2 protein chains.
Amino acid sequence: MARKTGSNGEKTRAAVEEAAIRLIARHGFAAVSMRQIAREVGVQAGALYLYTPDKQSLLFDIMRGHMEHLLASWEAEAPDPATPAVARLERLVRFHIDYHIHRPEKVFISYMELRNLEPDNFAEIERLRRAYEGVLEDILRAGAADGVFHMEDARITTMAMIAMLTGVSTWYRDSGRLQPAAIAAHYVDMAFRLVGGARIAQAAE
Amino acid sequence: MARKTGSNGEKTRAAVEEAAIRLIARHGFAAVSMRQIAREVGVQAGALYLYTPDKQSLLFDIMRGHMEHLLASWEAEAPDPATPAVARLERLVRFHIDYHIHRPEKVFISYMELRNLEPDNFAEIERLRRAYEGVLEDILRAGAADGVFHMEDARITTMAMIAMLTGVSTWYRDSGRLQPAAIAAHYVDMAFRLVGGARIAQAAE
DNA sequence: GTCTATATACTGATAGAC
DNA sequence: GTCTATCAGTATATAGAC
């Protein structure tokens, strides 16, 4: 209710974000001008400032939105904390691969454009990133405590596994040799190798 | 011989490259201006063009130099191809971690600034990058053929291992908890886990 | 080898008409 | 909600003095 003038504006707002994501992922934040984004949307540069106070906010909103949605999506499908670590790890790996394969541009931006965030914005994104790392680290430590995972150093294994899993977005292509489900199955296998844990037998589709 | 005027110029040439590496690693290629680089070196902007035809060449030379030096360094210390795959993998992992820990800026640039290369330059860097991936993939396939490594998919394991190993440069700090040799030992352990291969017993320093 | 000065173009952001 | 016009600043690169 009460949005008699907002109808077209909401469409434009979404178009601005989509254009910004596409262009920043392709050329980098610093290399993209407000005029380029406006041209992609089909408006003049001045009109963009109806939807963002400045260029920096455009970047920050994309990255914060991505990280918050990533965390919220995991919360929504995370197993009960009482679930055995083996099952929780498999679920997280499948979630991570699936999420990263299907949002290559936002993932790319969130890893590449940290340098272009102003200090306060950088701190906020770092906080969210560490919260996500903590999800994995908690599962690994729980498995080690239960004696089902065997690692030399849980922190390094966490960082190594995150890098290994996120790396899928650097080479995955829709037209590639393997389907997403098969790729996820391979990464689940490799994740269990890294923690020295036996995986519950299951169809590897 | 015959460089009566080049003495000071060679110093400046080196200073230009060092300043460019430092600034591009920190702020990103597109966000760094020729004036900033000149200021860091202590010359005026116009003087930079004595040492580079344009800004793009500055970036390309850094990245090509890095990749060629990486490959040449490995060639120089690579074990004989007849060496068992287990020993070759351990050597490559130690080499990779050591190399990446000690050159954080060049590594960072080479992974982050691919987007800012012009098409021909991009193709050349990609060629070098794939050659390096091939070094690892060859070792993994040799080990699988010998029955000492056991992987579901050698190509995916190669990409996963490269991502895992290179990830060290995103979190390593000189002032951190672990020394480089200890970190390398952890990554050797994890690499052997990934390929399902038993490592020859050895002091893990 | 380096500087100063400059050409030419583009940048982010704002003001005011409609 | 969008456009036009514009400000003030900066960009890369070059020409010519020294």
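Just so it is clear: chains get the letters A, B, ... in the order the sequence lines come, proteins before strands, and each one is counted from 1. Every value quoted in this text rests on a predicted model; they were computed, and no experiment measured them. Heavy atoms only: backbone and side chains are in, while hydrogens, waters and symmetry mates are out.
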Chemist: Checking A/Glu137 now: which residues fulfil side-chain hydrogen bond (donor to acceptor under 3.5 Å, both in side chains) with it, not counting sequence neighbours?
Modeler: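 A/Glu137 satisfies side-chain hydrogen bond (donor to acceptor under 3.5 Å, both in side chains) with A/Arg141, A/Arg155 once adjacent residues are dropped.
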Chemist: Could you state the atom-to-atom distance from CD of B/Gln44 to P of D/dT14 in whole Å?
Modeler: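 Taking CD of B/Gln44 and P of D/dT14, I get 17 Å after rounding.
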Chemist: Classify every nucleotide of nucleotides 13-18 of chain C by which part a protein heavy atom approaches to under 4.0 Å, writing B for the base, S for the sugar-phosphate alone and - for neither, in 5'-to-3' order.
Modeler: BB----
Chemist: Would you indicate, yes or no, if C/dT2 has its OP1 or OP2 atom less than 4.0 angstrom from a side-chain nitrogen or oxygen of B/Thr12?
Modeler: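 Answer is yes, contact under 4.0 Å.
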Chemist: With a non-hydrogen cut-off below 4.0 angstrom, is A/Val32 in contact with a base, only sugar-phosphate, or nothing?
Modeler: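 Sugar-phosphate, backbone atoms only, no base.
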Chemist: With a 4.5 Å limit on heavy-atom distance, are the side chains of A/Asp153 and B/Leu178 in contact?
Modeler: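 Touching, per the 4.5 Å side-chain cut-off.
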Chemist: Please table the atom pairs, donor to acceptor, closer than 3.5 Å between any side-chain atom in residues 78-87 of chain A and protein atoms at least two apart or in another chain.
Modeler:
{"from": "A/Asp80", "atom 1": "OD1", "to": "A/Ala82", "atom 2": "N", "distance (Å)": "2.7"}
{"from": "A/Thr83", "atom 1": "OG1", "to": "A/Asp80", "atom 2": "O", "distance (Å)": "2.7"}

Chemist: Tell me, which of residues 14-27 of chain A have any heavy atom that sits under 4.0 Å from an atom in DNA chain D?
Modeler: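 Within this stretch, nothing sits under 4.0 Å of the strand.
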Chemist: Mind calculating the distance between NZ (A/Lys11) and P (D/dT2) to the nearest angstrom?
Modeler: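 That distance rounds to 11 Å.
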Chemist: Are B/Glu126 and B/Arg130 within salt-bridge range, i.e. N to O under 4.0 Å?
Modeler: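 Here B/Glu126 pairs with B/Arg130 in a salt bridge, since their nearest N and O are under 4.0 Å apart.
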Chemist: Tell me, with the steps shown, if B/Glu17 and B/Tyr51 meet side chain to side chain contact (heavy atoms under 4.5 Å, CB included).
Modeler: CA-CA 9 Å; B/Glu17 182 171 11; B/Tyr51 305 101; over 6 Å; no
Chemist: B/Leu48 CG to D/dA11 P: how many Å, rounded?
Modeler: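 That distance rounds to 13 Å.
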Chemist: Quickly work out the B/Arg13 CZ to C/dG1 P distance and round it to whole Å.
Modeler: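 My rounded result for the distance is 9 Å.
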Chemist: Given the ring of B/Phe95, does B/Arg91 sit roughly above its face, with NZ or CZ under 6.0 Å from the centre of the six-membered ring and within 45° of the axis?
Modeler: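 The answer is no; the distance or angle limit is not met.
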Chemist: In whole angstroms, how far is the P atom of C/dA9 from the CD atom of A/Gln36?
Modeler: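 My rounded result for the distance is 17 Å.
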Chemist: Does OP1 or OP2 of D/dT10 have a side-chain N or O of B/Ser33 closer than 4.0 Å?
Modeler: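 No, B/Ser33 has no side-chain N/O under 4.0 Å of OP1/OP2 on D/dT10.
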Chemist: State, with a plain yes or no, whether a side-chain heavy atom of A/Ile162 is found less than 4.5 Å away from one of A/Glu133.
Modeler: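 Yes, at least one pair of side-chain atoms sits under 4.5 Å.
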Chemist: Going by side-chain hydrogen bond (donor to acceptor under 3.5 Å, both in side chains), name the residues that satisfy it together with A/Gln36, two or more places apart in sequence or in a different chain.
Modeler: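 With neighbours one apart ignored, the set is empty.
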Chemist: Show me, pair by pair, the donor-acceptor contacts under 3.5 angstrom made by side chains of residues 104-112 of chain B, not counting sequence neighbours?
Modeler:
{"from": "B/Ser110", "atom 1": "OG", "to": "B/Lys106", "atom 2": "O", "distance (Å)": "3.0"}

